[in-house]
Amino acid sequence: TRITAILLSVLCLAVLLTGCVRTELGVVLEKDGTGTVTTTVAIEEDAYNMIKQNGSDPFEGRETKKVTYDDTAYISCSDATEKLSYEELENHLKAVRLDASDETSPLLFRDVSIDKSSGLFYSSYSFQAQTAVQESTEESGRSVNDTYKFFVTVTMPGSITQTRGGTADGNTVTFEVQDLTQENDMAVYADFNHIGVIIAIVMALILILGAVIFFGRKKGQRE
């Protein structure tokens, strides 16, 4: 995304200073088979101010906001894709790198699968992903786990029926990847009931039943 090209090329400085970079990918799936991905990068406020004092602004020219995570203040900036098909979302996520400034760094995801299965009475949706192993940063020699805090949130178009590796809140599941040096599995499944179709079928059956009874009575009266 646009934000990664602008932001992450200077995040190395923040890493060397404090190792306080928080990245979140917010995936929102719609029931029509489209969705969006929002990338949010946040730097601890103290580190962000230190970077600015040194003459650089990681978020220069972009809208920022102050947020708090675990009682720590961060300065964050977000950027969202346009609406994409599920297949395009898969390809987008498969191309994401934790350090987008380094094209030789490992891809973030080893695999991503987003599916929709439709029936007459309900549709089922699934999001499955597996992270790839990330390497320690060469500059500091520290583990990526000391440098990055990484989260994925997935908002489904229906009621959550099952999740693996995440915490559900309503129809949104949050995955906190605590160890980027190993593969991590994440999955969420949801169903969307076609209430309108069910009601229409029930009403049609009631009308048919009513018609059968009505004409049956008229026929009996004639006889």
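All residue numbers in this chain count up from 1 along the given sequence.
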Checklist entry - So, is the end of the Arg22 side chain (NZ or CZ) under 6.0 Å from the ring centre of Tyr69 and within 45° of the ring's axis? => result yes
Next on the checklist: I'd like to know if the side chain of Asp111 pairs up with that of Gln130 as donor and acceptor (distance under 3.5 Å, no hydrogens or angles considered).
Outcome noted: no
Checklist entry - Side chains of Ser78 and Thr38: donor-acceptor distance under 3.5 Å anywhere? => result no
Checklist outcome for this item: Shortest non-hydrogen pair, Ala73 vs Lys66, comes out as CB-CE, 3.7 Å
Checklist outcome for this item: Closest heavy-atom pair, Asp191 versus Ser124, reported as atoms and distance to 0.1 Å, is OD1-CB, 3.3 Å
Item to check | More than 12 heavy atoms from other groups under 6.0 Å of NZ on Lys94 | outcome: yes
Next on the checklist: Tell me whether the count of non-hydrogen atoms from other residues, nucleotides or ligands lying under 6.0 Å of CG in Asp169 goes above 12.
Outcome noted: no
Checklist entry - Quick one: are Thr155 and Val27 in side-chain contact, heavy atoms under 4.5 Å? => result no
Item to check | Derivation of the side chain to side chain donor-acceptor pair (under 3.5 Å) call for Thr40 and Ser76 | outcome: CA-CA 7 Å; Thr40 300; Ser76 72; over 6 Å; no
Next on the checklist: Would a single hydrophobic cluster contain both Tyr189 and Val152, if residues Ile, Leu, Val, Met, Phe, Trp and Tyr are joined by side-chain heavy-atom contacts under 4.5 Å?
Outcome noted: no
Checklist entry - What about Val173 and Met186, same hydrophobic cluster or not, with Ile/Leu/Val/Met/Phe/Trp/Tyr joined at side-chain heavy-atom distances under 4.5 Å? => result yes
Next on the checklist: Please tell me whether Lys149 and Tyr74 have a donor and an acceptor in their side chains that are separated by less than 3.5 angstrom.
Outcome noted: yes
Item to check | Reported NE2-to-CG distance for the pair His92 and Leu84, which is rounded to 0.5 angstrom | outcome: 7.0 Å
Checklist entry - Does Thr72 reach the side chain of Glu44, with side-chain heavy atoms less than 4.5 Å apart? => result yes
Checklist entry - How close do Gln128 and Ala187 get, heavy atom to heavy atom, and via which atoms? => result CG-CB, 4.0 Å
Checklist outcome for this item: To the nearest 0.5 Å, atom CD of Glu88 lies from atom NZ of Lys83 at 12.5 Å
Checklist entry - Passes side-chain contact (heavy atoms from CB on, under 4.5 Å), Val41 versus Cys77? Steps please. => result CA-CA 6 Å; Val41 178; Cys77 186; 5.9 Å; no
Checklist entry - Is the shortest distance from a Lys or Arg side-chain nitrogen in Arg62 or Glu60 to a carboxylate oxygen in the other one below 4.0 Å? => result no
Checklist entry - Does the pair Asn91 and Tyr86 meet the rule for a side-chain contact (heavy atoms from CB on, under 4.5 Å), with working shown? => result CA-CA 9 Å; Asn91 293 333; Tyr86 284 0; over 6 Å; no
Checklist entry - Quick one: does Thr174's side chain have a donor or acceptor within less than 3.5 Å of a partner on Thr153's backbone? => result no
Next on the checklist: Looking at Ala132, is its backbone amide N or carbonyl O close enough to the side chain of Gln134 to form a donor-acceptor pair, meaning the two atoms are under 3.5 Å apart?
Outcome noted: yes
Checklist entry - Yes or no on side-chain contact (heavy atoms from CB on, under 4.5 Å) for Leu107 and Val96, after CA distance, side-chain angles and deciding distance? => result CA-CA 6 Å; Leu107 294 172; Val96 171; over 6 Å; no
Checklist entry - Hey, any chance Phe151 and Met156 share a hydrophobic cluster, counting ILVMFWY side chains that come within less than 4.5 Å of each other, even indirectly? => result no
Checklist entry - CG of Leu108 to CG of Leu93: how many Å apart, nearest 0.5 Å? => result 8.5 Å
Checklist outcome for this item: Shortest non-hydrogen pair, Asp57 vs Tyr48, comes out as OD1-OH, 2.8 Å
Item to check | Asp179 and Asn184: side chain donor to acceptor below 3.5 Å | outcome: no
Next on the checklist: Donor-acceptor check, side chain of Thr131 to backbone of Phe109, threshold 3.5 angstrom: yes or no?
Outcome noted: no
Item to check | Ring-ring centroid check Phe175 Phe150, cutoff 6.0 Å | outcome: no
Next on the checklist: With no hydrogens and no angle check, just 3.5 Å: does a side-chain donor-acceptor pair link Asp115 and Ser113?
Outcome noted: yes
Checklist entry - Leu89 pairs by side-chain contact (heavy atoms from CB on, under 4.5 Å) with which of Leu29, Thr34, Val28, Val112? => result Leu29
Next on the checklist: Does atom CG (Asp32) have a neighbourhood of more than 12 heavy atoms from anything else shown, all under 6.0 Å?
Outcome noted: yes
Checklist entry - Do Val188 and Tyr125 share a hydrophobic cluster, counting only Ile, Leu, Val, Met, Phe, Trp and Tyr and linking them when any side-chain heavy atoms are less than 4.5 Å apart? => result yes
Checklist entry - Side chain of Lys31, backbone of Phe192: donor and acceptor closer than 3.5 Å? => result no
